[in-house]
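One structure below.
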Amino acid sequence: MTEIRGWAAQGAGKPLELTCIDVGALGPEEVEIKVEYCGLCHSDLSTKNNDWGMSQYPVILGHEAVGTVTAVGEHTKGVTVGQRVGVGWNASSCMHCHQCMTGQHNLCAEALPTIIGHQGGFSDKIRAHWAWAIPLPDGLDISAAGPLLCGGVTVFEPLAVMNVRPTDRVGVVGIGGLGHMALKFARAWGCEVTAFTSTEAKADEARGFGAHHVVATRDADALKRAAGSLDFILVTVNVPLDWAAMTACLRPNGKLHVVGAILEPMQISAIDLIFGQKRVSGSPNGSPPAMASMLDFAARHQILPQVEHFPMSRVNDALEHLEAGKARYRVVLDPDFA
């Protein structure tokens, strides 16, 4: 039997406590990883507070973990002890359904989120199915790489699956934990990039992340000037928007794609979609092949999130920092267990 020592939520809204949880023997297809860094994502906060109604307590949070493989089950493949890997939103999937067999493991009905019914990376070690332990390419700074495993692939995957071309004009709504990485990826993809932000003070930072243009979403005239200018808009925020204004910014055949977990229904006019032949879509994180491709692309173009580091013993301070909207732009926890 094996214990994992980590910072766990004991119930909705409660502060995390240092806890030991018995996770049993290592499974035949599992790997065990010594955690070296773990990103703090807004989804950790949502899970802590049970915002989605599916949290299971106690739970050690953290699903952007990077570290070194210390043990492997007898039936693991492609992962060896001593290898550096990362684990993102999912820790396993069934590996035999149509989605898994076609490289869309993240859409598997039995995919197991790393922090729901499983123990995550705010800990000394973490486990995952070997297919979900993604090897980290050389040349990638692992101290900042953790957020790529969730937020990074979440904004990278739409560029590929929605057939965004290097000649396209792409808009990114929200210059936060997801959006600032989306700007970097879209710029490296070759696109002309427009950042939409409600905080005009972020304009210069947005340009530094890769935006060619910046539109203030609270400026009605600026939104009107952007009308009909974009082929693809990626929505990274989790708050309601003026959807009519957003769809008006699309060119004919344009796509509005949502990756922010907006809990309220989206009010979008069918007429706005029909006469411009526009589309609305969404996607979750990414499959293991998508994560590997994203990491290779990030290493090639030296794309990393902008991060702030906290010692893991100050995880509750880090959560408050994130919840207050002060993170610039991702938080990474450094384990400091005695």
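Keep in mind that this is a model prediction, so the values were computed, not measured.
Of all heavy-atom pairs between Ala8 and Thr19, the closest is CB-OG1, 3.8 Å. In this structure, Ala327 and Leu322 approach most closely via the heavy-atom pair CB-CD1, 4.1 Å. Contact between Gln83 and Gly78 at its shortest, heavy atoms only, is OE1-O, 3.7 Å. Closest approach of Cys20 to Arg5, counting heavy atoms only: SG-CG, 3.9 Å. The minimum heavy-atom distance between Ala216 and Ala222, with the atom names listed, is O-CB, 4.0 Å. Counting all heavy atoms, side chain and backbone alike, Val307 lies closest to Pro147 at CG1-CG, 4.4 Å.
For Thr114 (side chain) and Gly120 (main-chain N/O), no donor-acceptor pair under 3.5 Å exists by modelled atom type. One N or O on the side chain of Thr236 and one on the backbone of Gly174 form a donor-acceptor pair closer than 3.5 Å. Within the 3.5 Å criterion, the main-chain N or O of Ser92 finds no donor-acceptor partner in the side chain of Asn90. Using modelled atom types, one side-chain atom of Asp141 and one backbone atom of Ser143 make a donor-acceptor pair closer than 3.5 Å. The backbone N or O of Leu223 sits nowhere less than 3.5 Å from a side-chain atom of Asp219 that would complete a donor-acceptor pair. The backbone N or O of Gly177 lies less than 3.5 Å from a partner atom in the side chain of His180, making a donor-acceptor pair.
No side-chain heavy atom of Thr199 sits less than 4.5 Å from a side-chain heavy atom of Ile175. Under the 4.5 Å side-chain criterion, counting only non-hydrogen atoms from C-beta, Glu320 is not in contact with Lys326. Between Cys249 and Phe196 there is a side-chain heavy-atom pair separated by less than 4.5 Å. Using a 4.5 Å heavy-atom cutoff, the side chains of Asp334 and Pro311 are not in contact. Side-chain contact between Ile233 and Leu230: present, with at least one pair of heavy atoms (C-beta onward) separated by less than 4.5 Å. Proximity of Asp124 to Ile4: side-chain heavy atoms (C-beta onward) are separated by under 4.5 Å at one or more points. The side-chain heavy atoms of Ser43 and Trp52, taken from C-beta on, include a pair separated by under 4.5 Å. Side-chain contact check for Val85 versus Ile134: every heavy-atom pair is 4.5 Å or farther apart.
Between the side chains of His129 and Glu29, at least one donor N or O lies within less than 3.5 Å of an accepting N or O. Side-chain contact, Glu32 with Thr2: no donor N or O sits under 3.5 Å from an acceptor N or O. With hydrogens and angles left out, the side-chain atoms of Gln104 and His98 include no donor and acceptor closer than 3.5 Å.
In this pair, His321 and Phe310 present their aromatic rings tilted. The plane angle is within the 30 to 60° band. The aromatic rings of Trp189 and Phe297 sit tilted, their planes meeting at an angle between 30° and 60°.
For the side-chain contact (heavy atoms from CB on, under 4.5 Å) with Ser46, the lone residue among Leu263, Asn238, Asp51, Ile115 that qualifies is Asp51.
Both Val164 and Val259 belong to a single network of hydrophobic side chains, linked directly or stepwise wherever heavy atoms of I, L, V, M, F, W or Y lie under 4.5 Å apart. Tracing side-chain contacts under 4.5 Å through hydrophobic residues (I, L, V, M, F, W, Y), one never reaches Leu319 starting from Tyr37; they form parts of separate clusters. Cluster annotation: Ile21 and Leu333 are assigned to the same hydrophobic cluster (Ile/Leu/Val/Met/Phe/Trp/Tyr, side-chain heavy-atom contacts under 4.5 Å, transitive). Hydrophobic clustering (side-chain heavy atoms under 4.5 Å, transitive across Ile, Leu, Val, Met, Phe, Trp, Tyr) keeps Ile142 apart from Met312. Tracing side-chain contacts under 4.5 Å through hydrophobic residues (I, L, V, M, F, W, Y), one never reaches Val81 starting from Trp132; they form parts of separate clusters.
Note on residues 58-72: pairs passing side chain to side chain donor-acceptor pair (under 3.5 Å), not counting sequence neighbours, are Glu36-Thr68, Asp44-His63, Glu64-Arg330.
The number of heavy atoms from other shown groups lying within 6.0 Å of CG (Asp138) does not exceed 12. The number of heavy atoms from other shown groups lying within 6.0 Å of CD (Gln10) is above 12.
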- Item | CA sep, side-chain torsions, deciding dist, call: Asn106, Val153, side-chain contact (heavy atoms from CB on, under 4.5 Å) | CA-CA 11 Å; Asn106 56 315; Val153 72; over 6 Å; no
- Message: Does Val173 form a side-chain contact (heavy atoms from CB on, under 4.5 Å) with Leu241? I'd like the steps, not just the answer.
- Response: CA-CA 10 Å; Val173 182; Leu241 299 172; 3.8 Å; yes
- Task: Start with the C-alpha distance between Tyr57 and Lys14, add both sets of side-chain angles, then the distance that settles side-chain contact (heavy atoms from CB on, under 4.5 Å), and finish with yes or no.
- Result: CA-CA 11 Å; Tyr57 305 102; Lys14 294 183 178 180; over 6 Å; no
- Message: Pair Ser93, Gln99 - check side-chain hydrogen bond (donor to acceptor under 3.5 Å, both in side chains), show working.
- Response: CA-CA 10 Å; Ser93 57; Gln99 284 70 33; over 6 Å; no
- Message: Apply side-chain contact (heavy atoms from CB on, under 4.5 Å) to residues Met266 and Val258 and explain how you reach the verdict.
- Response: CA-CA 11 Å; Met266 296 169 60; Val258 180; 3.8 Å; yes
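Note that NZ of Lys34 and CZ of Arg84 are 10.0 Å apart. Values are rounded to the nearest 0.5 Å. Note: Met291 CE to Leu148 CG = 9.5 Å, rounded to the nearest 0.5 Å. In this structure, NZ on Lys278 lies 14.0 Å from NZ on Lys255, to the nearest 0.5 angstrom. We find the CE-CD distance between Met162 and Glu157 to be 11.0 Å, quoted to the nearest 0.5 Å. The distance from atom CD of Gln277 to atom CG of Leu250, rounded to the nearest 0.5 Å, is 12.5 Å. Leu149 contributes atom CG, which lies 11.0 Å from atom SG of Cys41 (distance to the nearest 0.5 angstrom).
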